[in-house]
Number of protein chains: 2
Amino acid sequence: MTKSAKSLLPKVPQVPGTNRRAQFSASTKRALVEVAEQLFTEHGYSGTSLDAIVSGADVTKGALYHHFSGKQALFEAVFERVEDAASRHITKAIRGERDPWQKSIQGLRAFMEVVRRPEYRRVVIQDGPAVLGYERYREQEERSTFANVLDIVQSVLEAGHWELDKEMTETFTRIFFGAMGAAGESVATSADPVAAGARVETAIGFILAGLRALVDAGVELDGLPRTED
Amino acid sequence: MTKSAKSLLPKVPQVPGTNRRAQFSASTKRALVEVAEQLFTEHGYSGTSLDAIVSGADVTKGALYHHFSGKQALFEAVFERVEDAASRHITKAIRGERDPWQKSIQGLRAFMEVVRRPEYRRVVIQDGPAVLGYERYREQEERSTFANVLDIVQSVLEAGHWELDKEMTETFTRIFFGAMGAAGESVATSADPVAAGARVETAIGFILAGLRALVDAGVELDGLPRTED
DNA sequence: GGTATCGCCATACCGGCGGTACGTACTCAA
DNA sequence: TTGAGTACGTACCGCCGGTATGGCGATACC
């Protein structure tokens, strides 16, 4: 009564070579991450105790500290899991789209869907920067969702035959990434997400239309308006 | 030796009616906020203990809990202080500017300066959402920096003679606010902030030029491109 | 002018939480 | 069979946010 059986054991005798311990180990690790994801989403990082996590996963702190160096490392694993799922969702949505403008809208819509997931909002957007720190937070973004936005921005920029160096492309991407994040947040927190989503599409579409107008006019990047003071 | 004198006392005899106790009280409260701002900036919210704060302010926890309901309330006071300073800086920068496009650039530059302050980056951007929670975080933004961006966006939209309802204007503002935040972050974390700032100005200026092109072309908001699927 | 009251703050203490030290059962290779 | 290493469980520590309580000086009131 004091301690429940850990889990259902696979009854089949394993082929020698793939040892069973490793399988059990992987399953407890997965259980920890899944329970942690749920609790972090529900109560936030600081609002979730390690005792609650290990209790939910039916293990003890010894197991947790065997697989992870600490609470932050466990959060990081959850973070990567959520980010990966989001990234795959967006990648799938824009795959095969050739027209850069269409690609932008499709990517935007996919991102809108992602940002409505509670685990993404809480783990990635809200707690991510504070827990991981900003530099580590950006490293993680860099190789997931950010890469999708970079892909889209590049195709748009190429449509304008603007040859930009790496830094300039990244600057554009960061700006659009921030814009989409804010847009997503406004949708996610809205009382009427559908209407809010429509407004965001209109607004982003409008900005894209402006860029398109510059493309059609054959505007050079050097010729953009500067402030003289 | 165990306890230092709290502070220099104002020697002047006070005018009756403004009691001295209230002055001392206000000064210790100010001291707490100032020390907390410094420590929160340096070590983050969770990395700063109340003991460190009260020790730095030469008071005890009793004083802290007399003025604030807890650690989060103290953070909130610091947050408001930093946000207010930022907001005033931007307001000052765009005051008197009539041309909406000039206003945008000026506001952008001012925001770039703000986002380079360590206290703003750490307290507002990094720790703010996690500590205050997102809804409270946005409430705070709403009546400070966000109001500045709203002002700028409104003047730009008016330049295009686009009459938008409140929600649509706010959507635009949120998007630009997010874009500027990301832009600022890319500048602040850059190894060469000056060059990064120039790139941001180029990119934002380019986007604004696109909107300007739509204005000059007399494009209606209804007529913006939609995706048909 | 004594005294009750209240604001301002110090001291001592508690419970919870992240982290650690150490023991143990089990597996696998030699 | 046995030594080594993996995968945990158990007990415990130190810190930190929060609370309870009391003292002390200023103010208000009679």
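Just the heavy atoms: all of them, side chains too, but no hydrogens, waters or symmetry mates, feed the values below.
Remark: R199(B) is not positioned above the aromatic ring of F172(A), lacking an NZ or CZ atom under 6.0 angstrom from the ring centre and at most 45 degrees off the axis. A cation-pi contact links K29(B) to F68(B), judged by a cut-off of 6.0 Å to the six-membered ring centre and 45° from its axis.
Distances from the side chain of Y65(B) to the nucleotides dG18(C), dG7(C), dG17(D) place dG17(D) closest. The nucleotide whose nearest atom lies closest to any side-chain atom of T60(B) is, among dC16(D), dA10(C), dT20(C), dA10(C). In the set dA7(D), dG9(D), dC9(C), dC9(C) carries the atom at the smallest distance from any side-chain atom of T28(B). Checking dG17(D), dA10(C), dG18(C) against every side-chain atom of V59(B), the shortest atom distance belongs to dA10(C). Out of dC9(C), dG18(C), dC8(D), the shortest distance to the side chain of S49(A) is found at dG18(C). In this structure, the nucleotide among dA7(D), dC9(C), dG17(D) sitting nearest to the side chain of A63(B) is dC9(C). Closest to the K71(B) side chain, of the nucleotides dG18(D), dC16(D), dG19(C), is dG18(D).
Taking atom NZ on K29(B) and atom P on dC9(C), their separation rounds to 11 Å, with Å as the unit. Between L39(A) atom CG and dC17(C) atom C1' the separation is 15 Å, expressed in whole Å. In this structure, CZ of R30(A) is placed 17 Å from C1' of dA7(D), rounded to the nearest angstrom. What separates CZ of F40(A) from C1' of dG18(C) is a distance of 12 Å, to the nearest Å. One can place CG of L50(A) at 19 Å from P of dG14(D), the figure rounded to the nearest angstrom. Spacing between atom CZ of F68(B) and atom P of dG17(D) amounts to 15 Å, rounded to whole angstrom units. Put simply, CG on L74(A) is 11 Å from P on dG18(C), counting in whole angstrom units. Between the NZ atom of K61(A) and the P atom of dC8(D) there is a distance of 17 Å, rounded to whole Å.
Side-chain N or O atoms of S186(A) include none that pairs as donor or acceptor with a backbone N or O of T171(B) at under 3.5 Å.
In terms of phosphate contacts, H66(B) brings a side-chain nitrogen or oxygen within less than 4.0 Å of OP1 or OP2 of dC8(C). Residue H67(A) has a polar side-chain atom (N or O) positioned under 4.0 Å from OP1 or OP2 of dC8(D).
Nucleic acid contact for S46(B): none, since no nucleic acid atom lies under 4.0 Å from a heavy atom of the residue.
The aromatic rings of Y137(A) and Y134(A) sit perpendicular, their planes meeting at an angle over 60°, well past the 30° parallel limit.
For the pair L64(B) and D51(A), both in contact range of DNA chain C, the more 5′-proximal nearest nucleotide belongs to L64(B). Positionally, the nearest nucleotide of DNA chain C for T48(A) lies more toward the 5' end than for the other of T48(A) and G62(A).
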What verdict does the salt bridge (Lys or Arg N to Asp or Glu O under 4.0 Å) test give for R136(B) and E76(B), after you've listed the backbone C-alpha separation in whole Å, the side-chain angles of each residue and the deciding distance to 0.1 Å?
CA-CA 10 Å; R136(B) 204 162 172 72; E76(B) 216 153 324; 2.4 Å; yes

